[in-house]
Amino acid sequence: MHDPTVLALQQKIASFDPNAVGDTSGGLFGLPFTPEEAQVVVVPVPWEVTVSYRAGTAQGPAAIHEASAQVDLYDPDLPDAWKLGLAMEDVDTEWEAESSRLRKLAEQYIGWLEDGKPSKGAANLQTVPAKVTESGKALLEWLKQKTGAYLDAGKGVVLLGGDHSTPLGYMHALAERHEEFGILQIDAHCDLRIAYEGFEYSHASIMYNALQLPQVKKLVQVGIRDLCQQEADLIAQSGGRVVMFHHRFLREEQFAKKSWKKVCGKIIAQLPQKVYLSFDIDGLDPKLCPGTGTPVPGGLEFEEALYLIRAVVRSGRQIIGCDLNEVAPGDTDWNGNVGARLLYQMANWMAVSQGRLKATGMETE
């Protein structure tokens with residue numbers, strides 16, 4: 001007896017024209033599939049409570065969805081990628097409203113910290129971190145259950161933030177289903193601060209929190225340009241559990257005429273068989289993501305990042321999950337445009353690594 005969901009997917013594949021104009025009223029990338037039919041589901045999380053410089057990333061999922069209709073679906077390495085049935089859930093308006101409410105409180109609290117903690121208003125503001133932590137914990141549990149249900153249904157999951165604090169619940173869900181895995185983090189920042197600005201679930205603390213999961217055996221960071229002494233000390237004292245490929249090192253290798261292929265080989269050699277990919281858009285050169293919350297000079301080019309992701313998959317490693325964060329609309333459609341293209345590639349190459357999709361040229365690297 002045929003599964004009606006599978007039959008519905010097959011019927012939609014048969015009737016869909018990938019060469020037609022993208023349907024802006026349709027699903028992600030103009031595709032007609034539902035999360036129930038899809039092999040890979042994107043879970044949007046419009047959350048940006050603890051951002052410490054510029055806001056806007058809570059609107060990232062909506063901006064990417066809108067821009068995705070302009071993305072051509074053909075890829076020379078993955079000509080049948082659209083047949084995955086990639087789909088995105090609707091944005092949860094309750095969490096979006098909670099983020100907006102708490103963001104206002106967090107802004108007041110951060111301003112109070114920057115002003116040197118004056119006594120005026122201290123009684124009310126000192127309670128803000130506890131309120132934010134309570135909601136952050138609730139978000140973690142909600143995402144752990146939601147992503148876990150998709151994983152148990154046999155689907156691949158991509159988490160789309162929001163700020164970089166958002167994927168922690170997803171990491172917890174994966175930790176309950178895998179004995180061990182590594183994290184490949186592409187980012188301008190280490191995000192290893194302990195409860196940054198008093199917020200336990202801060203965007204700047206995501207990787208410190210991830211390391212509290214014993215299943216995370218390795219954290220490999222690529223493209224870092226900004227870190228504090230506390231983070232440098234944590235890396236030095238990690239006994240090799242955390243490996244940082246600072247952007248300066250990447251460029252020095254380039255200046256010494258080392259190929260990007262060889263540099264990627266060094267990065268990949270540090271990764272275990274199972275890999276979780278966490279991509280903060282500010283890991284790219286800011287010209288590609290000018291609206292992101294905390295841009296830093298330098299960064300990877302778009303094709304450098306994609307080459308690294310492809311090389312991870314072609315090494316035989318499995319990407320068990322991934323997230324894309326810190327895409328903010330800013331003053332131009334460019335941010336959503338780049339974010340949508342990056343999301344498409346990440347979802348598709350994760351699917352290749354999980355055996356859901358065939359790629360051409362896999363034997364070439």
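A heavy-atom distance below 4.5 Å is found between the side chains of Ile268 and Leu308. Residues Gln126 and Lys117 fail the side-chain proximity criterion, which asks for heavy atoms closer than 4.5 Å. The shortest distance between side-chain heavy atoms of Asp72 and Tyr344 does not fall below 4.5 Å. Residues Leu174 and Leu213 form no side-chain contact, since every pair of their non-hydrogen atoms from C-beta on lies 4.5 Å or further apart. Side-chain contact between Lys12 and Phe33 is present, with heavy atoms from C-beta onward closer than 4.5 Å. Side-chain contact between Arg356 and Val40 is present, with heavy atoms from C-beta onward closer than 4.5 Å. Ile235 places a side-chain heavy atom less than 4.5 Å from the side chain of Gln221. A 4.5 Å side-chain heavy-atom check between Val45 and Leu160 finds every atom pair outside the cut-off.
Summarising the geometry of Cys264 relative to Tyr307, their closest heavy-atom pair is SG-CD2, 3.8 Å, with the distance given to 0.1 Å. Smallest separation of non-hydrogen atoms from Val327 and Asn335: CG1-O, 3.6 Å. For Gly56 against Pro329, the heavy-atom pair with the smallest separation is O-CD, 3.2 Å. Contact record, Asp323 with Tyr276: OD2-OH, 2.5 Å, taken as the closest heavy-atom pair. For the residue pair Glu231 and Cys190, the shortest heavy atom distance occurs at OE2-CB, 3.5 Å. The two residues Leu125 and Pro129 come nearest to each other via the heavy atoms O-CD, 3.8 Å.
Side-chain atoms of Tyr170 do not come within 3.5 Å of backbone N or O of Val158 as any donor-acceptor pair. A donor-acceptor pair is defined here as one N or O able to donate and one able to accept, closer than 3.5 Å; no such pair exists between the side chain of Ser202 and the backbone of Thr50. Checking side-chain atoms of Gln215 against main-chain N and O of Ala175 turns up a donor-acceptor pair under 3.5 Å. At least one donor-acceptor pair closer than 3.5 Å links the side chain of Gln354 to the backbone N or O of Ile319. Judged purely by atom type and a 3.5 angstrom limit, Arg103 has no side-chain atom pairing as donor or acceptor with the backbone of Ala55. Between the Asp282 side chain and the Ala188 main chain, a donor and an acceptor come within less than 3.5 Å of each other. Judged by distance alone, with hydrogens and angles left aside, the side-chain atoms of Arg310 form no donor-acceptor pair with the main-chain N or O of Ala305 at under 3.5 Å. Using modelled atom types, one side-chain atom of Glu37 and one backbone atom of Thr34 make a donor-acceptor pair closer than 3.5 Å. The main-chain N or O of Leu139 is never found under 3.5 Å from a side-chain atom of Trp95 such that the two would form a donor-acceptor pair. Side chain of Ser259 to backbone of Lys262: a donor-acceptor contact under 3.5 angstrom is found.
Atoms OG and CG, on Ser315 and Leu271 in that order, are 7.5 Å from each other to the nearest 0.5 Å. In this structure, Glu179 CD and Lys274 NZ are separated by 7.5 Å, a value rounded to the nearest 0.5 Å. Here Ser238 contributes atom OG and Leu211 contributes atom CG; the two are 8.0 Å apart, rounded to the nearest 0.5 Å. Once rounded to the nearest 0.5 Å, the distance linking CG of Asp187 with CD1 of Ile281 reads 11.0 Å. Atom CG of Asp280 sits about 5.5 Å away from atom OG1 of Thr292, to the nearest 0.5 Å.
Linking Ile, Leu, Val, Met, Phe, Trp and Tyr whenever their side-chain heavy atoms come within less than 4.5 Å leaves Ile186 and Ile320 in two separate clusters. Under the 4.5 Å side-chain contact rule for hydrophobic residues, Leu159 and Val49 share a cluster. No continuous path of hydrophobic side-chain contacts links Ile206 to Leu284 [ILVMFWY only; heavy atoms under 4.5 Å]. Tracing side-chain contacts under 4.5 Å through hydrophobic residues (I, L, V, M, F, W, Y), one reaches Leu102 starting from Leu168; they form part of the same cluster. Grouping the Ile, Leu, Val, Met, Phe, Trp and Tyr side chains by contacts below 4.5 angstrom, directly or via other members, places Met171 apart from Tyr196.
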Verdict with supporting geometry, Asp191 and His203, side chain to side chain donor-acceptor pair (under 3.5 Å): CA-CA 7 Å; Asp191 293 343; His203 69 104; 5.1 Å; no
Derivation of the salt bridge (Lys or Arg N to Asp or Glu O under 4.0 Å) call for Glu304 and Lys261: CA-CA 9 Å; Glu304 285 179 324; Lys261 180 177 181 178; over 6 Å; no
Stepwise side-chain contact (heavy atoms from CB on, under 4.5 Å) check, Gln345 with Ile309: CA-CA 9 Å; Gln345 292 290 323; Ile309 294 170; over 6 Å; no
Verdict with supporting geometry, Asp163 and Thr57, side chain to side chain donor-acceptor pair (under 3.5 Å): CA-CA 6 Å; Asp163 71 37; Thr57 190; over 6 Å; no
Derivation of the side chain to side chain donor-acceptor pair (under 3.5 Å) call for Asn325 and Thr166: CA-CA 8 Å; Asn325 286 282; Thr166 53; 2.6 Å; yes
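For the residue pair Thr147 and His172, no side-chain donor N or O sits within less than 3.5 Å of a side-chain acceptor on the partner. Trp112 and Gln108 form no side-chain donor-acceptor contact under 3.5 Å, judged by distance and modelled atom types alone. Side-chain N/O atoms of Gln39 and Lys155 include no donor and acceptor closer than 3.5 Å.
Taking a 6.0 Å sphere around CG of Asp331, one finds it holds 12 or fewer heavy atoms contributed by other residues, nucleotides or ligands. Counting non-hydrogen atoms of other residues, nucleotides and ligands closer than 6.0 Å to CD of Glu134 gives a total of 12 or fewer. Remark: Arg248 CZ is loosely packed, at most 12 non-hydrogen atoms of other residues, nucleotides or ligands lying under 6.0 Å away. Residue Asp90 qualifies as open at atom CG: its count of foreign heavy atoms under 6.0 Å is 12 or below. The number of heavy-atom neighbours closer than 6.0 Å to CG of Asp333, taken from other residues, nucleotides and ligands shown, is 12 or below. Open room surrounds CH2 on Trp334; 12 or fewer heavy atoms of other groups in view lie less than 6.0 Å from it.
Contact check on Glu141 versus Lys144 returns a salt bridge, with a Lys/Arg side-chain nitrogen under 4.0 Å from an Asp/Glu carboxylate oxygen. Using a 4.0 Å cut-off between a side-chain N of Lys or Arg and a carboxylate O of Asp or Glu, Lys104 and Glu107 do not qualify as a salt bridge. Under a 4.0 Å N-O distance rule, the pair Glu200/Lys137 does not qualify as a salt bridge. Under 4.0 Å is where a charged nitrogen must lie from a carboxylate oxygen, and between Asp77 and Arg314 at least one such pair does. Residues Glu301 and Lys287 are paired through a salt bridge, judged by an N-O separation under 4.0 Å between the basic side chain and the carboxylate. In this structure, Arg241 does not pair ionically with Glu180, as no charged nitrogen and carboxylate oxygen lie closer than 4.0 Å.
Looking at residues two or more places apart in sequence or on another chain, you find a side chain to side chain donor-acceptor pair (under 3.5 Å) between Tyr150 and Glu89. In this structure Gln318 satisfies the side chain to side chain donor-acceptor pair (under 3.5 Å) test with no other residue, sequence neighbours excluded.
Ring pair Phe199/Tyr109: centre-to-centre distance below 6.0 Å. A distance of 6.0 Å or more separates the ring centres of Trp82 and Tyr74.
Taking the six-membered ring for Trp and thresholds of 30 and 60 degrees, Phe245 and Phe249 have ring planes inclined between 30 and 60 degrees apart.
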